[in-house]
Colleague: 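Structure below; questions to follow.
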2 protein chains.
Amino acid sequence: MNNVQEESLRDQKKYRRRLQILEIARGIISAKGLRSLKVRDVAEAAGCSVGSVYNEFGDFDGVILTVNRETVQALTARLRGVPAEDPVRQLYGLAETYLDFFAGHANLLRSLFEHRMEDDRPYPDDILQMVMDAFALMHPPLVRLLPDADDVKIALLSRTLFSAMHGIISLGLEERMVAVPPQMLRQQIEQFVDTQLRGLGILPVGARLS
Amino acid sequence: MNNVQEESLRDQKKYRRRLQILEIARGIISAKGLRSLKVRDVAEAAGCSVGSVYNEFGDFDGVILTVNRETVQALTARLRGVPAEDPVRQLYGLAETYLDFFAGHANLLRSLFEHRMEDDRPYPDDILQMVMDAFALMHPPLVRLLPDADDVKIALLSRTLFSAMHGIISLGLEERMVAVPPQMLRQQIEQFVDTQLRGLGILPVGARLS
DNA sequence: CTCTAAAATGAACAATGTTCAAGAAGAATC
DNA sequence: GATTCTTCTTGAACATTGTTCATTTTAGAG
């Protein structure tokens, strides 16, 4: 047994195929929704048998969960890229970035938030943790803006605020629900953050509804 | 052809069976989630063949959608029962009632909001409309509290606020996501409405975070 | 009672997730 | 390089579940 990674031919092929399967699955989910994802379609597109998909991911949920894992990773990366100089601008930036990311990858986000496991198997902890971490990204700017507040309460506030934004955006982008007309969504989100910041005493309460 | 409802024996049986199928389907969704709903289970529990389910509802989506339709009707009835004397109390009441209803029927609400149609068939318009109407129930109290604001903007605000609440509650109640710990949820919702009302200038901006 | 139309039935079919015995391919040993 | 061993790949077979439809049953009409 060699400790050094040998990059054996076998491992290379395996890894390449793994990536290929994920790319194909992501493409299908993104284009046609999670419900249109079929093992045989993925296998055929990847040029391998269905057995290989199972060999690599255990079961079909394994493919979905891996795509979801990468989705939340990509989301987190985008959110971490929001400038942090001005905490107020950072909050607006996080909201806007979440909206953009959601709008650009709606079906992937829905797969992340709506996929249910068969029976009562638990959702993988690491994915839950990553979502939690993403939703905690409002914590630092809020701490700067509310220096006297309890840290635990700020943590809750961050998740509450993020969950609220998630609700506005996920329902707003769903043409079938039309909770908020899409064109207006960006403006609505901005106004929502506005109101929230005024309510928290971070911004002055000015004229009601511009 | 007789215009008067004859309540023929045939129609009675048909109707009774219809109700029975719906009750059973709702029970399964409520107890074990939409993904555990199976035609054969429903048919067996209702003491009829699978064909009869199809005869009555067209396809399996028909059963699900009918349950969803009744869910949003029940929700709307509950929300309409919130006292309307004091508009501020009404807003808190709507939030609290939505939380209670969601907590009591989490799987039914998830079925309503997360069910995707096969292929690209559209979601029935009447259900969408009913959800929209439910989300508009904050409109009247908001109009009373913001008499100078544009009516269209209040309409948007109502849906935005409701969508935000929906996000906080649906993620908060999801033990798998734990965006907000369940025990804290009621308090979090109240505080959220609080902040929102202060931000809108409806309540005075007092001490930051009680 | 007989006839007709509607409904119920459930076996057969179709789509799709899952398994596994057999074979193929790479790695290890000589 | 041949042989052996390990691992991966394959795809047919199976399991589950939604859907159809020819046949039978049943309620209502004459």
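Per chain, numbering begins at 1; letters A, B, ... match sequence-line order.
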Colleague: Closer than 4.0 angstrom, basic N to acidic O: yes or no for A:Arg121 and A:Asp59?
Modeller: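 Looking at A:Asp59 together with A:Arg121, the answer is yes, because their closest N to O distance falls below 4.0 Å.
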Colleague: Can you tell if the side chain of B:Ile64 reaches within under 4.5 Å of the side chain of B:Phe57, non-hydrogen atoms only?
Modeller: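 No, their side chains stay 4.5 Å or more apart.
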Colleague: What nucleotide among D:dC8, C:dG17, D:dG18 has an atom nearest to a side-chain atom of B:Arg40?
Modeller: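 Out of D:dC8, C:dG17, D:dG18, the nucleotide with an atom closest to B:Arg40's side chain is D:dG18.
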Colleague: How long is the line joining CD of A:Glu44 and P of D:dG11, in whole Å?
Modeller: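 Atom CD in A:Glu44 sits about 12 Å away from atom P in D:dG11.
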Colleague: Please state whether the phosphate of D:dA27, meaning OP1 or OP2, lies under 4.0 angstrom from any side-chain nitrogen or oxygen of B:Lys13.
Modeller: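 So the side-chain polar atoms of B:Lys13 do come within 4.0 Å of the phosphate oxygens OP1 or OP2 of D:dA27, strictly under.
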Colleague: Of the options B:Leu161, B:Leu99, B:Val193, B:Val82, which is the one that meets B:Leu94 in a side chain to side chain contact (heavy atoms under 4.5 Å, CB included)?
Modeller: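 Of the listed options, the one satisfying the test is B:Val82.
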Colleague: Does atom CD (A:Glu44) have a neighbourhood of more than 12 heavy atoms from anything else shown, all under 6.0 Å?
Modeller: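 Incorrect, the count does not exceed 12.
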Colleague: Check whether any side-chain N or O of A:Ser52 sits under 4.0 Å from OP1 or OP2 of D:dC8, and answer yes or no.
Modeller: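 False: A:Ser52 side-chain N/O out of range (4.0 Å or more) of D:dC8 OP1/OP2.
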Colleague: For D:dT9, take OP1 and OP2 only and decide whether either is under 4.0 Å from a side-chain N or O of A:Ser49.
Modeller: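 It does not, given that no N or O in the side chain of A:Ser49 lies less than 4.0 Å from OP1 or OP2 of D:dT9.
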Colleague: Do the side chains of A:Val72 and A:Asn68 get nearer than 4.5 Å, heavy atoms only?
Modeller: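 In short, these two side chains do not touch, never coming nearer than 4.5 Å.
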Colleague: At a heavy-atom distance below 4.0 Å, what parts of residues 23-35 of chain A sit against DNA chain D?
Modeller: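 Contacting residues: none.
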Colleague: Describe the nucleic acid contact of A:Tyr54 in one word from base, sugar-phosphate, nothing, applying a heavy-atom distance below 4.0 Å.
Modeller: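 Base contact.
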Colleague: Measure CZ/A:Arg18 against C1'/D:dC8 and give the value in whole Å, please.
Modeller: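 Taking atom C1' of D:dC8 as the reference, CZ of A:Arg18 is at 15 Å.
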Colleague: Does D:dT9 have OP1 or OP2 sitting under 4.0 Å from an N or O in the side chain of A:Asn55?
Modeller: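 True: A:Asn55 side-chain N/O within range (under 4.0 Å) of D:dT9 OP1/OP2.
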Colleague: Need to verify one output field. Residue with the more 5' nearest nucleotide on DNA chain C, B:Glu118 or B:Gly51?
Modeller: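 Of the two residues, B:Gly51 wins.
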Colleague: Quick one: A:Asp59 CG to C:dT19 P, roughly how many Å, whole number?
Modeller: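 For the pair A:Asp59 CG and C:dT19 P, the rounded distance is 8 Å.
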Colleague: Measuring centre to centre across the rings, with the benzene-like ring taken for any Trp, is B:Phe162 within less than 6.0 Å of B:His166?
Modeller: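 No - the distance between ring centres of B:Phe162 and B:His166 does not fall below the 6.0 Å cut-off.
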Colleague: Quick check on C:dA8: is either OP1 or OP2 less than 4.0 Å from any side-chain nitrogen or oxygen of B:Arg17?
Modeller: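 True: B:Arg17 side-chain N/O within range (under 4.0 Å) of C:dA8 OP1/OP2.
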Colleague: From D:dT19, D:dA12, C:dG17, pick the nucleotide closest to the side chain of A:Val39?
Modeller: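 Selected nucleotide (nearest to the side chain): C:dG17.
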Colleague: Rounded off to whole Å, could you give me the CD-to-P distance for the A:Gln12 and C:dA25 pair?
Modeller: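 Taking CD of A:Gln12 and P of C:dA25, I get 18 Å after rounding.
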Colleague: Of all the nucleotides listed (D:dT19, C:dT18, C:dT16), which has the minimum atom distance to the side chain of A:Lys38?
Modeller: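 The closest nucleotide is C:dT16.
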Colleague: Does the A:Ser52 side chain pair with the main chain of A:Cys48, one donor and one acceptor, at a distance under 3.5 Å?
Modeller: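 Not confirmed, A:Ser52 side chain does not pair with A:Cys48 backbone.
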Colleague: Could you tell me how far apart A:Lys14 (NZ) and D:dC8 (C1') are, to the nearest whole angstrom?
Modeller: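 A:Lys14 atom NZ is separated from D:dC8 atom C1' by 7 Å.
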Colleague: What is the distance from CZ of B:Arg16 to P of D:dA27, rounded to the nearest Å?
Modeller: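 Nearest whole value for this atom pair: 12 Å.
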